[in-house]
Amino acid sequence: MRTKIIAGNWKMNLTLTESTKLIHQLNFSSDNENIRVLVIPPFTNLEAIKRLLKNKNSKIEVAAQNLHHSVSGAYTGEISARMLKDIGVDTAIVGHSERRTLFAENDETISLKASSALSQNLEIIYCFGESLIQRKRGIHFEIIARQLDDLIHKFETQYWRYGKIILAYEPVWAIGTGQTASKEQAQEMHQFIRHLIGKEIGEDLATKTPILYGGSVKPENATELFQQPDVDGGLIGGASLNADSFNLIIQSIAENC
Ligand code: PGA
């Protein structure tokens, strides 16, 4: 059975005081080894939140929202994979659509980041998704295949084999808009992605790679999305900032495992 994952991307929200309060309100104590819950705070809170979760004996993990592709150097304001590893962070988001649109990251820079993270032994949550115009033009499958191209063709299969790659399909038109992909749209795309991986790098790896859905997931739509055979959980933005809604979303994945 594939691992089910709920990851809360806090983006540039929550001070350390607010994050600490939220962590104390989260309930995740499942003994099911197949379920993982991650919180993804801003860089400034990573170490403290990690320590807090450890002290609470919590199974919730911590991930980073971004990283720079170089190991070190004159890159004011940036953080490297090596720095994340050094504070015990083992997972990072790469390629979030806000990085693509607001910070001009393109497939090339995202590929460099993914490569740097994987070579430093970080696990990545690799985000990709089509825009509304691309979906309306009917080219969404083509766009997704292109966004996954490097990961599938240029990266060593060992990263897939060692389970270092989590995929997150996040249609740009659904992020922070309140407009979610329907369960049919999500399943159709996830099935396409799994088929693509199967064809290009092997059925066994396609079967075991988690593919998350992201884009306005909330307690009201979480269950129907997570019930889809190829949807292995969610990357949650807005609804992860509130304990009630995030707890309900965690509960939905537990019920569908
Ligand atoms: P949202 O964000 O849940 O607020 O739409 C999802 C994301 O950006 O990962």
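Residue numbers start at 1 and run along the sequence shown. Order of appearance sets the numbers: ligands from 1, and atoms from 1 within every ligand. Because the structure is predicted, anything quoted here is derived from the model rather than measured.
Partners of Asp244 according to the salt bridge (charged side-chain N to carboxylate O under 4.0 Å, His left out) rule, which considers only residues two or more places apart in sequence or in another chain, do not exist here.
Atom 4 (O) of ligand 1 has as its closest protein heavy atom Gly238 N, 2.9 Å. The closest protein non-hydrogen atom to atom 9 (O) of ligand 1 is Glu170 OE2, 2.6 Å.
Here Lys85 pairs with Asp90 in a salt bridge; the nearest charged N to carboxylate O distance falls below 4.0 Å. The pair Asp232-Arg194 meets the salt-bridge criterion, with a side-chain N (NZ, NE, NH1 or NH2) lying under 4.0 Å from an Asp/Glu carboxylate O. Remark: Lys113 engages Glu105 in a salt bridge, criterion side-chain N to carboxylate O under 4.0 Å.
Atom numbering of ligand 1 starts at 1 in the shown order; those under 4.0 Å from a heavy atom of His96 are 7 (C), 8 (O), 9 (O). The contact set between ligand 1 and Gly215, taken as ligand atoms under 4.0 Å from a residue heavy atom, comprises 5 (O).
Where the criterion is an N or O separation shorter than 3.5 Å, residue side chain and backbone included, Ser216 meets it with respect to ligand 1.
Residue contacts with ligand 1 for Ala174 involve N, CA, C or O but no side-chain atom from C-beta outward (heavy atoms, distance under 4.0 Å).
Evaluated by nearest non-hydrogen atom to atom 5 (O) of ligand 1, the leading choice among Gly176, Gly237, Ala168 is Gly176.
Nearest heavy-atom pair, Ala181 versus Tyr213, reported as atom, atom and distance to 0.1 Å: N-OH, 3.0 Å.
Donor-acceptor pairing under 3.5 Å is recorded for the side chains of Thr109 and Asn106.
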